[in-house]
Every structure is written in C-alpha cells, then in structure tokens.
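Okay, so here's the structure we're looking at.
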Protein chains: 2
Amino acid sequence: MNQTKTATRVQKSKKPNTLNRDNLEADIIAKAEQAFAEFGYEGTSIATIAESVALSKQNLLYYFPTKQILYKRVLDDVMQAWLGSMTKLATENLSPQDALTSYIKAKLQFSREHPWGSRVYGMEVITGAQFYRNEIKEKVIPVLRQDILIFEKWIAEGKIAAIDPTHLLFTIWAMTQSYADFSTQMCLVLNRKKLSTKDFDAAEKLIVDMVLATISIANQR
Amino acid sequence: MNQTKTATRVQKSKKPNTLNRDNLEADIIAKAEQAFAEFGYEGTSIATIAESVALSKQNLLYYFPTKQILYKRVLDDVMQAWLGSMTKLATENLSPQDALTSYIKAKLQFSREHPWGSRVYGMEVITGAQFYRNEIKEKVIPVLRQDILIFEKWIAEGKIAAIDPTHLLFTIWAMTQSYADFSTQMCLVLNRKKLSTKDFDAAEKLIVDMVLATISIANQR
DNA sequence: GTCTATAGCCCGATAGAC
DNA sequence: GTCTATCGGGCTATAGAC
C-alpha cells in the first residue's frame with residue numbers, strides 16, 4: 001500500500017515515462033486518424049487535432065515534427081493493423097470456400113472496427129496515392145499479388161471455377177471496403193445513424209454467398 | 001466566304017456571347033472536377049483551377065462567386081450525368097438477368113467515362129457527405145430505394161433467389177464504383193498506367209457473373 | 001515538455017478602375 | 001468581363017524562455 005503510494009509519487013516527480021509517451025502518441029494518432037477521415041488531409045489542421053487531445057499545436061509538433069509525418073504514421077498504423085488482421089488465404093490447408101469465407105469476414109470486420117483508418121486509406125488511394133504510393137507498392141501490392149496467385153493455383157487444381165482471379169480480388173476488396181467508405185450513403189438508404197451488427201452480418205452473408213456462388217464450378221458459363 | 005469572315009470579326013468585336021460563356025463554365029467545371037478529385041476540396045485552390053482554364057482567380061470568381069458554389073456545381077453535374085446514364089431497372093419488360101446486366105454495364109461505364117466525377121462524389125461520401133448530404137438524400141437515395149423495391153418484387157414473384165436486396169445493391173454499387181475510386185491501386189497491381197478496355201471488359205464479365213450467380217435460384221443455400 | 005510569440009506563407013473573397 | 005490591389009484570416013512551422 002505505502003509502497004504503491006510512494007511509487008506513484010516517484011513516478012509523478014520523475015516526469016512522464018515511456019509508457020505515458022507511447023499512450024499519448026497512440027491517442028494523437030487515433031484522433032488524427034478520425035480527423036483526416038472526416039475532413040481530408042488538407043481539411044484537417046494540426047490545431048484541431050491538438051485540441052482533441054488537449055495539447056497546444058506547438059506541443060503536438062514536439063511529438064510529431066510535421067503534419068506529413070503524423071499523416072504517414074496514421075497510414076502506417078492502418079496498414080499494420082490491416083496486415084495483422086488478415087489471415088493469409090493459403091496459410092492452412094483450408095478449402096477455397098473456407099479460406100475465402102474467413103478472408104471476407106476479416107476484411108469486413110476491419111471495415112467495422114477501423115472505419116476511420118479505412119477511410120483515410122481510401123481517400124489516399126482515390127486521390128492517386130500521391131503521398132503513400134511507395135508504401136502501397138511495397139507492402140500492399142505484394143500481398144494482393146500473393147492472393148491472386150492462390151486463386152490461380154486453385155483454378156489450376158480445378159478446385160474453383162476459371163474466373164478472373166485479379167478482378168475477383170478487386171471485387172472482394174471493393175465490397176468489403178465500401179462498408180467503411182460508403183457507410184454514410186448506406187445509412188441514408190437504411191435510414192439509420194450507424195450500421196449495426198445485423199447490417200454487417202447481412203453483408204457478410206451476402207458477400208460470402210456471392211463469392212462462393214461465383215467460384216462454384218457448377219455455375220460456370 | 002466574306003460573310004464568314006465578317007461574322008467572325010463581328011463575333012470578335014461583340015465580345016463573348018452566351019454560348020461562349022456556357023462553354024467557359026463547362027470548361028471550368030471540368031477542370032475543377034479533376035482538381036477536386038486529385039487534391040480534395042480543401043487541397044484545391046481556386047487559383048489552381050483558374051490557372052488551368054487560363055483565367056485569373058478574381059475572374060474565376062466572377063463566374064462562380066464562391067468556391068463552395070463551384071464545388072456544388074461539380075457535384076450537381078456528376079449526379080445529373082449519373083442519373084442520365086443509368087437505365088431504370090424496371091423500365092422495360094426485361095428479365096432480372098438482362099436488367100441487371102445492363103445496369104452493371106451502365107454503372108461501370110460511368111466509372112470509366114467519368115473517373116474524376118466519380119471520385120469527387122466518392123470523397124464527399126467518405127468524408128460523411130457533410131456538404132452534399134441533402135442533395136444525396138433527395139436525389140440519390142430515392143433512386144436506390146426504388147431499385148431495392150424492384151429486387152423485392154422479383155423475389156416476391158420468384159424470379160430471383162431470396163437474397164438481401166439492399167445489400168445486393170450496395171455490393172453492385174461498391175464493385176462498379178471501385179473501378180473509378182480504386183483504379184490507382186488496381187493499376188499498381190496490374191502494373192500499368194491506366195485501366196484498359198480489356199480490364200473493364202473483364203470487370204464487367206466478372207461482376208455480371210457474380211450477380212447472376214447470386215440471384216440464381218439454383219444456388220440458394 | 002510546455003509555454004508565448006511570431007515568422008512566413010497561402011488562401012478566399014472584395015473593392016474599384018477600366 | 002477583366003484588371004490591379006489588397007484585406008483579413010488561417011495555416012505550418014520555428015525560436016526561445018521557462
């Protein structure tokens with residue numbers, strides 16, 4: 001008890017430790033992520049971000065020396081979280097059906113749990129990836145190409161229909177991504193403020209159905 | 001001959017006429033559309049747009065009194081072009097298969113022919129439709145709701161499988177829209193500068209295949 | 001690490017002559 | 001309709017005291 005109190009006092013006098021700084025940086029990044037998603041890069045001022053974490057803008061610039069560096073960190077974190085959440089299509093000995101089902105689940109769950117980050121990434125791509133192009137080239141594209149190779153392997157093995165593997169991946173990406181990027185429009189159609197668990201469940205069921213129906217050999221034209 | 005020359009001289013001295021002004025405004029809107037798509041609303045300065053149509057920024061403000069008014073006109077034109085290009089799902093006595101095929105074709109063609117406009121609209125939605133929300137509510141949402149009703153009618157008549165009509169529309173929108181919004185990423189995967197006719201043909205074939213396989217009653221889970 | 005102060009720039013928009 | 005000139009404000013970033 002006393003020890004705890006002392007420890008607290010010591011921590012207090014010793015100024016913020018590493019953990020506190022990490023937490024603060026994580027907080028800044030989270031708030032920046034939301035701001036960039038809502039107003040775009042140029043539409044967001046570092047003063048606004050600083051205010052949302054109760055810092056002065058000069059103080060924010062102590063932690064992130066420039067706005068671009070902060071923006072890059074936001075995108076880095078989004079990409080890392082995305083790469084971490086996506087299971088490889090081919091890691092285990094799953095059937096194409098099971099592998100694709102869990103792939104779609106994971107990607108859709110990411111849209112649900114990281115809507116701001118998904119949108120920041122989406123806006124970066126829409127505007128031509130002028131800032132983050134190299135990182136996308138080096139870290140995202142190879143993963144997508146790998147996934148396409150899996151599709152081709154499955155086709156060669158006769159496990160799925162001979163659909164266009166590249167565009168199949170594009171459509172899966174598009175459908176799952178849109179549940180973050182276009183949720184505003186979806187909410188207007190559905191007349192609700194936020195997409196619910198039920199909406200995501202319905203989306204998952206349909207997207208899985210669509211993809212499985214597409215790769216089903218019986219359905220080939 | 002002489003008459004033509006005279007007419008030309010007269011036009012020159014009489015200063016720009018209505019037609020010229022219309023053409024100039026259309027030019028401004030086209031350049032603004034591209035700029036907003038590439039840099040976002042806040043990332044685009046009216047000086048940049050003015051320069052691209054060889055006007056001073058003060059002169060541009062003579063034609064469009066504020067930046068917001070110009071932005072709205074860009075979105076108005078995009079929406080009008082989109083509404084004009086989309087055939088109603090139920091206008092003629094088409095089968096669900098034929099109606100959906102031409103629907104997908106039209107939407108995809110719009111992504112191809114109006115990539116900048118599609119992206120401006122996409123960014124507006126991603127950022128929460130903070131500016132254009134009312135117009136989307138009044139002009140886009142009713143159309144989407146109508147389309148969903150058609151799906152429901154087809155289901156009730158047993159013409160298509162009992163899939164979730166709302167989310168089917170969302171996925172069609174997502175897939176077709178992404179060929180404008182995410183073309184940068186697609187080009188990086190495909191290792192080319194621009195999506196080609198072949199790419200759009202492959203996309204169209206796959207998306208049509210996916211949707212037709214999905215609504216096929218034989219495939220129902 | 002946090003503060004005050006400010007440099008230096010770009011922006012949207014306006015005023016008024018021609 | 002087009003020009004010059006400019007206002008007023010917001011922005012990123014830096015300098016330097018504490």
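Chain letters run A, B, ... following the sequence lines, proteins first, then strands; residues in each count from 1.
- The nucleotide whose nearest atom lies closest to any side-chain atom of A/Y63 is, among C/dG12, C/dG1, D/dT2, C/dG1.
- Two residues are said to be in side-chain contact when any heavy atoms from C-beta on lie closer than 4.5 Å; A/L190 and B/F170 meet this criterion.
- In this entry the distance linking CG of B/L61 with P of C/dT14 reads 8 Å, nearest Å.
- Within 4.0 Å of B/T44, counting heavy atoms only, lie sugar-phosphate atoms of the nucleic acid but no base atom.
- Between the P atom of C/dT4 and the CG atom of A/N59 lies a distance of 11 Å, rounded to the nearest Å.
- Between B/Q58 and A/P65, the residue anchored nearer the 5' end of DNA chain D, judged by the nucleotide with its closest heavy atom, is B/Q58.
- To the nearest angstrom, C1' of C/dC11 lies 8 Å from NZ of B/K67.
- The interatomic distance linking A/F64 (CZ) with C/dG1 (C1') rounds to 15 Å, in whole Å.
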Handout entry: Steps toward ring-ring contact (aromatic ring centres under 6.0 Å, His included) verdict (B/Y71, B/F131)
Key = CA-CA 10 Å; B/Y71 180 64; B/F131 177 74; 5.4 Å; yes
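- We find that CD1 of A/I69 is positioned 14 Å from P of D/dT12, with the value rounded to whole Å.
- A/R192 has a carboxylate O that lies under 4.0 Å from a charged side-chain N of A/D199, or vice versa, which qualifies the two as a salt bridge.
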Problem - Worked check of side chain to side chain donor-acceptor pair (under 3.5 Å) between B/Q177 and B/K107 - result: CA-CA 8 Å; B/Q177 180 81 15; B/K107 183 79 173 64; 3.0 Å; yes
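- The distance between atom CG of B/L55 and atom P of D/dT2, rounded to the nearest whole Å, is 7 Å.
- Remark: A/S56 is not in phosphate contact with C/dT2, judged by side-chain N or O atoms under 4.0 Å from OP1 or OP2.
- Here the C1' atom of nucleotide D/dA15 and the OH atom of A/Y62 are 16 Å apart, to the nearest Å.
- At whole-Å resolution of the value, CZ in B/F39 and C1' in C/dC11 are 16 Å apart.
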